[in-house]
Amino acid sequence: MKRNRFLNIILGGGTLAWLGSIFYPVFSFLNPPKRPEANVHSVKAGPADKLAVNSGEIIKFGRRPVLLIRMDTGEVRAFSATCTHLDCIVQYRQDSKQIWCACHNGYYDLRGRNISGPPPRPLDVYPVNIVNNEIIVSKPKQMG
Amino acid sequence: MLSDTGQKLYHWLDERFNLTPLIDYMQHKQVPVHKHSVWYYMGGVALFLFIVQVCSGILLLFYYQPGVDSSHESVRFIMTKVNFGWLVRSVHSWSANLMVFFVFVHMFSTFFTRAYQKPRELTWMTGFILLVLAMTFGFSGYLLPWDELAFFATKVGTDIAGAVPLIGEAMKIVLRGGDDVTGATLSRFYAIHVAMIPALFTVILGLHLLFVQRQGMHEPEAFKKLKPEQKKMIPFFPNFVLRDVLLWLIILNILLFLAVLFPWELGPKADPFVSAPEGIRPEWYFMFMFQFLKMLPAHIGFMEGEVAGILFFTLGGLVWLLTPLWAFKKRGKVDIMLLCGLLVIAFILVMTVIGYVY
(Lines give C-alpha, C1' and ligand atoms only; values in the text may rest on other atoms or scores of the structure.)
Protein backbone atom coordinates (compact mmCIF):
# COMPACT_ATOMS: atom_id res chain seq x y z
CA MET A 1 0.00 0.00 0.00
CA LYS A 2 2.78 2.38 0.96
CA ARG A 3 4.68 1.61 -2.21
CA ASN A 4 1.45 2.14 -4.17
CA ARG A 5 1.00 5.59 -2.65
CA PHE A 6 4.62 6.50 -3.32
CA LEU A 7 4.29 5.48 -6.97
CA ASN A 8 1.06 7.51 -7.30
CA ILE A 9 2.77 10.61 -5.96
CA ILE A 10 5.75 10.15 -8.26
CA LEU A 11 3.46 9.58 -11.26
CA GLY A 12 1.10 12.42 -10.39
CA GLY A 13 3.97 14.80 -9.68
CA GLY A 14 5.67 13.73 -12.90
CA THR A 15 2.51 14.40 -14.90
CA LEU A 16 2.10 17.85 -13.34
CA ALA A 17 5.75 18.70 -14.02
CA TRP A 18 5.35 17.45 -17.58
CA LEU A 19 2.23 19.62 -18.13
CA GLY A 20 4.07 22.57 -16.62
CA SER A 21 7.03 22.04 -18.92
CA ILE A 22 4.65 22.16 -21.89
CA PHE A 23 2.39 25.04 -20.86
CA TYR A 24 4.94 27.35 -19.23
CA PRO A 25 6.89 27.87 -22.48
CA VAL A 26 3.63 28.19 -24.45
CA PHE A 27 2.24 30.91 -22.17
CA SER A 28 5.59 32.68 -22.03
CA PHE A 29 5.76 32.55 -25.82
CA LEU A 30 2.34 34.20 -26.11
CA ASN A 31 3.31 36.99 -23.73
CA PRO A 32 4.94 39.54 -26.05
CA PRO A 33 8.46 40.73 -25.18
CA LYS A 34 8.75 44.32 -23.99
CA ARG A 35 9.85 46.49 -26.86
CA PRO A 36 11.97 49.42 -25.75
CA GLU A 37 10.00 52.61 -26.31
CA ALA A 38 11.98 55.62 -27.41
CA ASN A 39 11.92 57.88 -24.37
CA VAL A 40 10.39 60.97 -25.88
CA HIS A 41 10.52 64.02 -23.60
CA SER A 42 9.11 66.58 -25.98
CA VAL A 43 8.02 66.96 -29.57
CA LYS A 44 7.73 69.90 -31.92
CA ALA A 45 4.16 70.20 -33.18
CA GLY A 46 4.60 72.79 -35.93
CA PRO A 47 4.08 76.55 -36.08
CA ALA A 48 1.51 77.93 -33.63
CA ASP A 49 -0.19 80.14 -36.21
CA LYS A 50 -0.94 77.13 -38.46
CA LEU A 51 -3.34 75.72 -35.83
CA ALA A 52 -6.63 77.58 -36.27
CA VAL A 53 -8.41 79.09 -33.29
CA ASN A 54 -11.19 76.84 -31.91
CA SER A 55 -9.77 73.66 -33.47
CA GLY A 56 -7.97 70.48 -32.47
CA GLU A 57 -5.43 68.16 -34.03
CA ILE A 58 -3.96 64.75 -33.17
CA ILE A 59 -0.16 64.62 -33.08
CA LYS A 60 2.23 61.75 -32.47
CA PHE A 61 4.05 61.81 -29.16
CA GLY A 62 6.37 58.82 -29.60
CA ARG A 63 3.89 55.98 -30.02
CA ARG A 64 1.08 57.83 -28.25
CA PRO A 65 -1.56 60.10 -29.76
CA VAL A 66 -1.84 63.57 -28.20
CA LEU A 67 -4.69 66.03 -28.82
CA LEU A 68 -3.58 69.61 -29.42
CA ILE A 69 -6.25 72.28 -28.99
CA ARG A 70 -6.13 75.97 -29.75
CA MET A 71 -8.80 77.70 -27.71
CA ASP A 72 -10.74 80.86 -28.51
CA THR A 73 -8.30 82.83 -26.39
CA GLY A 74 -5.46 81.62 -28.61
CA GLU A 75 -3.98 79.50 -25.83
CA VAL A 76 -2.73 76.06 -26.93
CA ARG A 77 -3.30 73.04 -24.69
CA ALA A 78 -2.39 69.38 -25.12
CA PHE A 79 -3.95 66.25 -23.64
CA SER A 80 -3.49 62.55 -23.98
CA ALA A 81 -5.86 61.65 -26.84
CA THR A 82 -6.59 58.21 -25.39
CA CYS A 83 -9.98 58.09 -23.68
CA THR A 84 -9.69 56.87 -20.10
CA HIS A 85 -12.81 54.76 -20.57
CA LEU A 86 -12.03 52.17 -23.22
CA ASP A 87 -8.98 53.40 -25.07
CA CYS A 88 -10.66 55.11 -28.05
CA ILE A 89 -9.14 58.27 -29.51
CA VAL A 90 -10.92 61.47 -28.52
CA GLN A 91 -11.52 64.61 -30.60
CA TYR A 92 -12.13 68.32 -30.11
CA ARG A 93 -15.70 69.46 -30.75
CA GLN A 94 -15.90 72.95 -32.14
CA ASP A 95 -19.62 73.29 -31.43
CA SER A 96 -19.56 72.54 -27.72
CA LYS A 97 -15.89 73.49 -27.15
CA GLN A 98 -15.29 70.24 -25.32
CA ILE A 99 -13.29 67.09 -25.82
CA TRP A 100 -15.49 64.23 -27.00
CA CYS A 101 -15.08 60.49 -27.37
CA ALA A 102 -17.29 59.14 -30.16
CA CYS A 103 -17.12 55.53 -28.97
CA HIS A 104 -19.24 55.86 -25.84
CA ASN A 105 -20.20 59.53 -25.83
CA GLY A 106 -17.80 60.63 -23.09
CA TYR A 107 -17.05 64.35 -22.56
CA TYR A 108 -14.07 66.18 -21.04
CA ASP A 109 -13.69 69.89 -20.46
CA LEU A 110 -10.76 71.91 -21.76
CA ARG A 111 -8.75 71.08 -18.64
CA GLY A 112 -9.09 67.39 -19.47
CA ARG A 113 -11.54 66.71 -16.65
CA ASN A 114 -14.15 64.01 -17.31
CA ILE A 115 -17.49 65.82 -17.09
CA SER A 116 -20.08 63.47 -18.54
CA GLY A 117 -20.53 59.96 -19.88
CA PRO A 118 -18.59 56.87 -18.87
CA PRO A 119 -14.94 58.08 -18.62
CA PRO A 120 -13.72 57.36 -15.07
CA ARG A 121 -10.63 59.60 -14.99
CA PRO A 122 -9.38 62.89 -16.46
CA LEU A 123 -7.07 62.96 -19.48
CA ASP A 124 -3.35 63.48 -18.84
CA VAL A 125 -2.36 67.07 -19.49
CA TYR A 126 0.80 67.64 -21.55
CA PRO A 127 2.60 70.94 -20.88
CA VAL A 128 2.79 73.20 -23.93
CA ASN A 129 5.35 75.92 -24.63
CA ILE A 130 5.54 78.13 -27.63
CA VAL A 131 9.08 79.08 -28.57
CA ASN A 132 9.58 81.30 -31.62
CA ASN A 133 6.10 80.44 -32.87
CA GLU A 134 6.89 76.71 -32.59
CA ILE A 135 4.55 74.57 -30.45
CA ILE A 136 6.54 72.32 -28.14
CA VAL A 137 4.65 69.61 -26.25
CA SER A 138 6.42 68.01 -23.28
CA LYS A 139 5.85 64.86 -21.31
CA PRO A 140 3.76 65.32 -18.15
CA LYS A 141 5.88 65.18 -14.99
CA GLN A 142 3.87 62.36 -13.42
CA MET A 143 4.74 60.12 -16.40
CA GLY A 144 8.43 60.36 -15.56
CA MET B 1 -24.67 -0.40 -64.51
CA LEU B 2 -23.90 2.59 -62.35
CA SER B 3 -25.96 1.28 -59.41
CA ASP B 4 -24.22 -2.05 -59.87
CA THR B 5 -20.83 -0.36 -59.42
CA GLY B 6 -22.24 1.54 -56.48
CA GLN B 7 -23.43 -1.69 -54.87
CA LYS B 8 -20.03 -3.29 -55.40
CA LEU B 9 -18.26 -0.28 -53.89
CA TYR B 10 -20.64 -0.36 -50.90
CA HIS B 11 -19.99 -4.08 -50.35
CA TRP B 12 -16.25 -3.51 -50.63
CA LEU B 13 -16.42 -0.79 -47.93
CA ASP B 14 -18.99 -2.67 -45.82
CA GLU B 15 -16.78 -5.78 -45.75
CA ARG B 16 -13.91 -3.74 -44.37
CA PHE B 17 -15.64 -1.16 -42.14
CA ASN B 18 -18.92 -2.88 -41.23
CA LEU B 19 -21.13 0.06 -42.32
CA THR B 20 -24.50 -1.75 -42.13
CA PRO B 21 -25.08 -1.16 -38.38
CA LEU B 22 -24.42 2.58 -38.89
CA ILE B 23 -26.93 2.82 -41.75
CA ASP B 24 -29.44 0.76 -39.74
CA TYR B 25 -28.96 3.09 -36.78
CA MET B 26 -29.65 6.15 -38.91
CA GLN B 27 -32.69 4.50 -40.53
CA HIS B 28 -34.15 3.55 -37.18
CA LYS B 29 -33.60 6.97 -35.69
CA GLN B 30 -36.93 8.77 -35.62
CA VAL B 31 -37.66 12.48 -35.59
CA PRO B 32 -40.90 13.58 -33.89
CA VAL B 33 -43.37 15.60 -35.94
CA HIS B 34 -45.38 18.26 -34.04
CA LYS B 35 -46.17 21.96 -34.20
CA HIS B 36 -42.70 22.95 -32.91
CA SER B 37 -40.78 20.65 -35.30
CA VAL B 38 -39.55 23.62 -37.32
CA TRP B 39 -37.04 24.44 -34.55
CA TYR B 40 -35.28 21.12 -35.11
CA TYR B 41 -33.89 22.58 -38.34
CA MET B 42 -32.21 25.68 -36.87
CA GLY B 43 -29.10 23.85 -35.66
CA GLY B 44 -28.73 22.29 -39.08
CA VAL B 45 -28.91 25.71 -40.73
CA ALA B 46 -26.19 27.02 -38.39
CA LEU B 47 -24.08 23.97 -39.28
CA PHE B 48 -24.57 24.61 -42.99
CA LEU B 49 -23.52 28.25 -42.61
CA PHE B 50 -20.44 27.12 -40.69
CA ILE B 51 -19.51 24.91 -43.67
CA VAL B 52 -19.99 27.92 -45.98
CA GLN B 53 -17.69 29.90 -43.63
CA VAL B 54 -14.96 27.28 -43.82
CA CYS B 55 -15.14 27.10 -47.63
CA SER B 56 -15.28 30.86 -48.29
CA GLY B 57 -12.64 31.45 -45.59
CA ILE B 58 -10.23 29.02 -47.25
CA LEU B 59 -10.75 30.83 -50.57
CA LEU B 60 -10.01 34.22 -48.96
CA LEU B 61 -6.78 32.81 -47.49
CA PHE B 62 -5.39 32.44 -51.01
CA TYR B 63 -5.18 36.25 -51.35
CA TYR B 64 -5.36 37.76 -47.86
CA GLN B 65 -2.06 39.04 -46.42
CA PRO B 66 -2.04 39.98 -42.74
CA GLY B 67 -0.06 43.10 -41.84
CA VAL B 68 -0.50 46.81 -41.24
CA ASP B 69 0.68 47.58 -44.78
CA SER B 70 -1.04 44.70 -46.50
CA SER B 71 -4.31 43.71 -44.79
CA HIS B 72 -6.47 46.56 -46.01
CA GLU B 73 -4.75 46.54 -49.40
CA SER B 74 -5.20 42.79 -49.93
CA VAL B 75 -8.90 42.90 -48.97
CA ARG B 76 -9.33 45.82 -51.39
CA PHE B 77 -7.48 43.76 -54.02
CA ILE B 78 -9.79 40.78 -53.38
CA MET B 79 -12.83 43.03 -53.75
CA THR B 80 -11.76 44.94 -56.84
CA LYS B 81 -9.34 42.81 -58.86
CA VAL B 82 -9.81 39.11 -58.08
CA ASN B 83 -12.47 37.32 -60.16
CA PHE B 84 -15.58 36.98 -57.97
CA GLY B 85 -13.49 38.24 -55.05
CA TRP B 86 -16.26 40.69 -54.07
CA LEU B 87 -18.69 37.77 -54.00
CA VAL B 88 -16.51 35.45 -51.89
CA ARG B 89 -15.79 38.20 -49.36
CA SER B 90 -19.42 39.27 -49.26
CA VAL B 91 -20.58 35.67 -48.80
CA HIS B 92 -18.05 35.21 -45.98
CA SER B 93 -19.27 38.30 -44.13
CA TRP B 94 -22.98 37.70 -44.68
CA SER B 95 -22.76 34.04 -43.83
CA ALA B 96 -20.88 34.89 -40.60
CA ASN B 97 -23.73 37.18 -39.53
CA LEU B 98 -26.42 34.69 -40.53
CA MET B 99 -24.57 31.94 -38.68
CA VAL B 100 -24.50 33.91 -35.43
CA PHE B 101 -28.17 34.78 -35.96
CA PHE B 102 -29.19 31.13 -36.41
CA VAL B 103 -27.05 30.01 -33.47
CA PHE B 104 -29.04 32.50 -31.35
CA VAL B 105 -32.35 31.25 -32.78
CA HIS B 106 -31.29 27.63 -32.18
CA MET B 107 -30.26 28.44 -28.61
CA PHE B 108 -33.49 30.21 -27.67
CA SER B 109 -35.60 27.51 -29.32
CA THR B 110 -33.89 24.81 -27.23
CA PHE B 111 -34.30 27.06 -24.18
CA PHE B 112 -38.03 27.56 -24.65
CA THR B 113 -38.72 23.88 -25.45
CA ARG B 114 -36.64 22.95 -22.36
CA ALA B 115 -34.44 20.69 -24.47
CA TYR B 116 -31.54 21.38 -22.06
CA GLN B 117 -33.10 19.16 -19.38
CA LYS B 118 -31.73 15.76 -18.40
CA PRO B 119 -30.19 13.96 -20.31
CA ARG B 120 -29.13 16.82 -22.62
CA GLU B 121 -27.21 19.03 -20.16
CA LEU B 122 -23.90 18.62 -21.99
CA THR B 123 -25.49 19.23 -25.39
CA TRP B 124 -26.70 22.60 -24.06
CA MET B 125 -23.31 23.45 -22.58
CA THR B 126 -21.31 22.51 -25.69
CA GLY B 127 -23.87 24.53 -27.67
CA PHE B 128 -23.29 27.59 -25.49
CA ILE B 129 -19.51 27.21 -25.92
CA LEU B 130 -20.09 27.09 -29.68
CA LEU B 131 -22.02 30.37 -29.46
CA VAL B 132 -19.16 32.02 -27.56
CA LEU B 133 -16.67 30.65 -30.11
CA ALA B 134 -18.86 31.90 -32.98
CA MET B 135 -18.82 35.38 -31.42
CA THR B 136 -15.04 35.16 -31.00
CA PHE B 137 -14.84 34.21 -34.67
CA GLY B 138 -16.81 37.36 -35.46
CA PHE B 139 -14.74 39.59 -33.18
CA SER B 140 -11.38 38.33 -34.48
CA GLY B 141 -12.48 38.36 -38.12
CA TYR B 142 -13.82 41.90 -37.83
CA LEU B 143 -10.30 43.32 -37.37
CA LEU B 144 -8.68 41.49 -40.28
CA PRO B 145 -9.60 44.02 -43.04
CA TRP B 146 -7.86 46.65 -40.82
CA ASP B 147 -10.39 49.39 -41.42
CA GLU B 148 -11.24 52.29 -39.13
CA LEU B 149 -14.37 50.83 -37.51
CA ALA B 150 -12.71 47.47 -36.90
CA PHE B 151 -9.65 49.15 -35.40
CA PHE B 152 -11.66 51.06 -32.79
CA ALA B 153 -13.98 48.11 -32.12
CA THR B 154 -10.88 46.04 -31.36
CA LYS B 155 -9.39 48.76 -29.15
CA VAL B 156 -12.61 48.88 -27.15
CA GLY B 157 -13.11 45.10 -27.10
CA THR B 158 -9.59 44.28 -25.91
CA ASP B 159 -9.69 47.13 -23.38
CA ILE B 160 -12.86 45.59 -21.96
CA ALA B 161 -10.92 42.33 -21.54
CA GLY B 162 -8.28 44.41 -19.73
CA ALA B 163 -10.79 45.53 -17.10
CA VAL B 164 -11.36 41.98 -15.85
CA PRO B 165 -10.04 41.88 -12.26
CA LEU B 166 -6.60 40.28 -11.64
CA ILE B 167 -5.88 38.63 -15.01
CA GLY B 168 -7.32 41.38 -17.23
CA GLU B 169 -4.14 43.37 -17.89
CA ALA B 170 -2.12 40.24 -18.78
CA MET B 171 -4.96 39.02 -21.00
CA LYS B 172 -5.11 42.37 -22.80
CA ILE B 173 -1.38 42.36 -23.50
CA VAL B 174 -1.45 38.77 -24.75
CA LEU B 175 -4.44 39.55 -26.99
CA ARG B 176 -2.93 42.75 -28.37
CA GLY B 177 0.61 41.49 -28.58
CA GLY B 178 1.69 44.64 -26.68
CA ASP B 179 0.18 47.69 -25.02
CA ASP B 180 -1.69 48.98 -28.05
CA VAL B 181 -3.61 47.63 -31.03
CA THR B 182 -0.91 47.38 -33.71
CA GLY B 183 0.31 45.06 -36.46
CA ALA B 184 1.14 42.58 -33.69
CA THR B 185 -2.57 42.46 -32.78
CA LEU B 186 -3.42 41.82 -36.40
CA SER B 187 -1.06 38.81 -36.55
CA ARG B 188 -2.53 37.41 -33.35
CA PHE B 189 -6.13 37.87 -34.44
CA TYR B 190 -5.26 36.22 -37.75
CA ALA B 191 -3.83 33.18 -35.94
CA ILE B 192 -6.85 33.09 -33.62
CA HIS B 193 -9.33 33.47 -36.49
CA VAL B 194 -7.92 30.97 -38.99
CA ALA B 195 -6.27 28.36 -36.78
CA MET B 196 -7.07 28.42 -33.08
CA ILE B 197 -10.84 28.95 -33.07
CA PRO B 198 -11.50 26.67 -36.09
CA ALA B 199 -9.65 23.82 -34.37
CA LEU B 200 -11.49 24.33 -31.07
CA PHE B 201 -14.81 24.86 -32.82
CA THR B 202 -14.48 21.65 -34.83
CA VAL B 203 -13.78 19.55 -31.72
CA ILE B 204 -16.69 21.04 -29.72
CA LEU B 205 -19.00 20.85 -32.74
CA GLY B 206 -18.04 17.18 -33.17
CA LEU B 207 -19.00 16.50 -29.55
CA HIS B 208 -22.24 18.48 -29.87
CA LEU B 209 -23.30 16.51 -32.97
CA LEU B 210 -22.25 13.21 -31.41
CA PHE B 211 -24.47 13.94 -28.39
CA VAL B 212 -27.40 14.83 -30.65
CA GLN B 213 -26.97 11.63 -32.66
CA ARG B 214 -26.63 9.40 -29.59
CA GLN B 215 -29.61 10.86 -27.73
CA GLY B 216 -31.91 11.63 -30.62
CA MET B 217 -34.26 14.59 -30.84
CA HIS B 218 -35.80 16.07 -27.73
CA GLU B 219 -39.56 15.63 -27.39
CA PRO B 220 -41.50 18.59 -25.97
CA GLU B 221 -43.68 17.91 -22.88
CA ALA B 222 -47.00 17.83 -24.75
CA PHE B 223 -45.58 15.35 -27.30
CA LYS B 224 -44.06 13.14 -24.60
CA LYS B 225 -47.48 12.71 -22.96
CA LEU B 226 -49.07 11.29 -26.14
CA LYS B 227 -49.67 7.55 -26.45
CA PRO B 228 -47.11 5.77 -28.65
CA GLU B 229 -49.65 5.26 -31.44
CA GLN B 230 -50.51 8.98 -31.43
CA LYS B 231 -46.88 10.07 -31.86
CA LYS B 232 -46.15 10.98 -35.43
CA MET B 233 -42.56 10.29 -36.44
CA ILE B 234 -40.43 10.43 -39.59
CA PRO B 235 -37.17 8.52 -40.13
CA PHE B 236 -34.02 10.64 -39.68
CA PHE B 237 -32.62 9.11 -42.85
CA PRO B 238 -33.60 9.86 -45.54
CA ASN B 239 -36.77 11.89 -44.74
CA PHE B 240 -35.38 14.39 -42.21
CA VAL B 241 -31.99 14.68 -43.90
CA LEU B 242 -33.62 15.47 -47.25
CA ARG B 243 -35.80 18.19 -45.69
CA ASP B 244 -32.66 19.56 -44.06
CA VAL B 245 -30.90 19.68 -47.43
CA LEU B 246 -33.85 21.45 -49.03
CA LEU B 247 -33.75 24.11 -46.32
CA TRP B 248 -29.98 24.46 -46.80
CA LEU B 249 -30.61 25.17 -50.48
CA ILE B 250 -33.13 27.87 -49.57
CA ILE B 251 -30.67 29.41 -47.10
CA LEU B 252 -27.91 29.32 -49.73
CA ASN B 253 -30.20 31.26 -52.07
CA ILE B 254 -31.00 33.85 -49.42
CA LEU B 255 -27.28 34.14 -48.64
CA LEU B 256 -26.38 34.71 -52.30
CA PHE B 257 -29.22 37.19 -52.69
CA LEU B 258 -27.94 39.22 -49.74
CA ALA B 259 -24.28 38.94 -50.81
CA VAL B 260 -25.02 40.10 -54.36
CA LEU B 261 -27.56 42.83 -53.65
CA PHE B 262 -25.97 44.20 -50.48
CA PRO B 263 -22.24 43.59 -50.93
CA TRP B 264 -20.21 43.97 -47.73
CA GLU B 265 -18.34 47.24 -47.59
CA LEU B 266 -14.76 48.05 -46.70
CA GLY B 267 -14.24 51.22 -44.64
CA PRO B 268 -11.26 53.60 -44.78
CA LYS B 269 -7.93 52.14 -43.65
CA ALA B 270 -7.24 52.21 -39.91
CA ASP B 271 -4.98 55.00 -38.62
CA PRO B 272 -3.90 54.87 -34.96
CA PHE B 273 -3.49 58.66 -34.97
CA VAL B 274 -6.99 59.65 -36.03
CA SER B 275 -9.90 60.35 -33.68
CA ALA B 276 -12.59 57.70 -33.45
CA PRO B 277 -15.24 58.49 -36.07
CA GLU B 278 -18.79 59.33 -35.09
CA GLY B 279 -21.25 56.44 -35.21
CA ILE B 280 -18.67 53.85 -34.24
CA ARG B 281 -20.28 50.58 -33.27
CA PRO B 282 -19.54 46.88 -33.14
CA GLU B 283 -21.23 44.06 -35.04
CA TRP B 284 -24.95 43.80 -34.22
CA TYR B 285 -24.49 40.76 -31.97
CA PHE B 286 -22.25 42.75 -29.61
CA MET B 287 -24.53 45.77 -29.72
CA PHE B 288 -26.54 44.94 -26.58
CA MET B 289 -23.35 44.65 -24.50
CA PHE B 290 -21.82 47.75 -26.11
CA GLN B 291 -24.97 49.80 -25.45
CA PHE B 292 -25.26 48.59 -21.87
CA LEU B 293 -21.62 49.52 -21.15
CA LYS B 294 -22.22 52.89 -22.77
CA MET B 295 -25.17 53.62 -20.48
CA LEU B 296 -23.37 52.74 -17.25
CA PRO B 297 -22.08 55.67 -15.16
CA ALA B 298 -18.34 56.09 -14.54
CA HIS B 299 -18.59 54.58 -11.07
CA ILE B 300 -21.03 52.10 -9.54
CA GLY B 301 -20.44 51.83 -5.80
CA PHE B 302 -16.75 51.10 -5.30
CA MET B 303 -16.30 49.76 -8.84
CA GLU B 304 -15.61 51.47 -12.14
CA GLY B 305 -18.72 51.27 -14.32
CA GLU B 306 -17.10 49.13 -16.99
CA VAL B 307 -15.80 46.59 -14.43
CA ALA B 308 -19.33 46.27 -13.04
CA GLY B 309 -20.67 45.81 -16.58
CA ILE B 310 -18.13 43.11 -17.40
CA LEU B 311 -18.87 41.36 -14.12
CA PHE B 312 -22.57 41.49 -14.97
CA PHE B 313 -22.08 39.88 -18.41
CA THR B 314 -19.59 37.28 -17.15
CA LEU B 315 -21.94 36.18 -14.39
CA GLY B 316 -24.92 36.30 -16.78
CA GLY B 317 -23.07 34.09 -19.27
CA LEU B 318 -22.11 31.64 -16.53
CA VAL B 319 -25.69 31.40 -15.25
CA TRP B 320 -26.93 30.87 -18.82
CA LEU B 321 -24.29 28.17 -19.45
CA LEU B 322 -25.37 26.34 -16.31
CA THR B 323 -29.12 26.57 -17.08
CA PRO B 324 -29.65 22.78 -16.91
CA LEU B 325 -28.37 22.78 -13.32
CA TRP B 326 -30.67 25.45 -11.89
CA ALA B 327 -33.70 25.43 -14.20
CA PHE B 328 -37.01 25.73 -12.32
CA LYS B 329 -39.70 23.16 -12.96
CA LYS B 330 -43.02 24.41 -14.29
CA ARG B 331 -45.47 24.70 -11.39
CA GLY B 332 -49.10 24.84 -12.44
CA LYS B 333 -49.53 27.78 -14.77
CA VAL B 334 -46.43 29.68 -13.61
CA ASP B 335 -43.51 29.06 -15.95
CA ILE B 336 -40.51 30.87 -14.48
CA MET B 337 -38.18 29.66 -17.24
CA LEU B 338 -40.44 31.15 -19.92
CA LEU B 339 -40.27 34.47 -18.08
CA CYS B 340 -36.47 34.23 -17.74
CA GLY B 341 -36.09 33.56 -21.46
CA LEU B 342 -38.43 36.39 -22.43
CA LEU B 343 -36.62 38.74 -20.06
CA VAL B 344 -33.23 37.92 -21.64
CA ILE B 345 -34.64 38.39 -25.16
CA ALA B 346 -36.30 41.66 -24.16
CA PHE B 347 -33.02 42.93 -22.65
CA ILE B 348 -31.06 42.02 -25.79
CA LEU B 349 -33.67 43.52 -28.15
CA VAL B 350 -34.20 46.76 -26.21
CA MET B 351 -30.45 47.41 -25.82
CA THR B 352 -29.85 46.60 -29.51
CA VAL B 353 -32.62 48.92 -30.68
CA ILE B 354 -31.42 51.76 -28.42
CA GLY B 355 -27.89 51.15 -29.76
CA TYR B 356 -29.02 51.65 -33.35
CA VAL B 357 -31.53 54.44 -32.82
CA TYR B 358 -29.50 56.74 -30.55
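Quick note on labels: first sequence line is chain A, next is B, and so on, each numbered from 1.
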How are the rings of B/Tyr190 and B/Tyr64 set relative to one another: parallel (under 30°), tilted (30 to 60°) or perpendicular (over 60°)?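 The rings of B/Tyr190 and B/Tyr64 sit tilted, inter-plane angle from 30° to 60°.
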
In terms of the angle between their ring planes, are B/Phe347 and B/Phe313 parallel, tilted or perpendicular, with boundaries placed at 30° and 60°?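 B/Phe347 and B/Phe313: tilted rings.
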
B/Ile204 side chain reached by B/Leu133 side chain, heavy atoms, under 4.5 Å: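 Result yes, sub-4.5 Å side-chain heavy-atom pair found.
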
Heavy-atom side-chain proximity of B/Met135 to B/Phe137 below 4.5 angstrom: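 When only atoms from C-beta onward are counted, B/Phe137 and B/Met135 do not touch, as no gap falls below 4.5 Å.
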
By a 4.5 Å heavy-atom criterion (distance strictly below it), what part of [X] contacts chain A: side chain, backbone, both, or neither?
X        : result
B/Glu278 : both
B/Ala184 : side chain
B/Leu296 : backbone
B/Val181 : neither

Centres of the A/Tyr126 and A/Phe79 rings: under 6.0 Å? no

With a 4.5 angstrom heavy-atom cut-off, is it the side chain or the backbone of A/Pro119 that approaches chain B, or both, or neither?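 Only the backbone of A/Pro119 comes within 4.5 Å of chain B.
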
Between A/Ile59 and chain B, with a heavy-atom cut-off of 4.5 Å, which part of the residue counts as in contact: side chain, backbone, both or neither? backbone

Looking at A/Lys60, A/Glu57, A/Gln91, which has the largest count of heavy-atom pairs under 4.5 Å with chain B? A/Lys60

Does the A/Cys88 SG fall under 2.5 Å from that of A/Cys103? yes

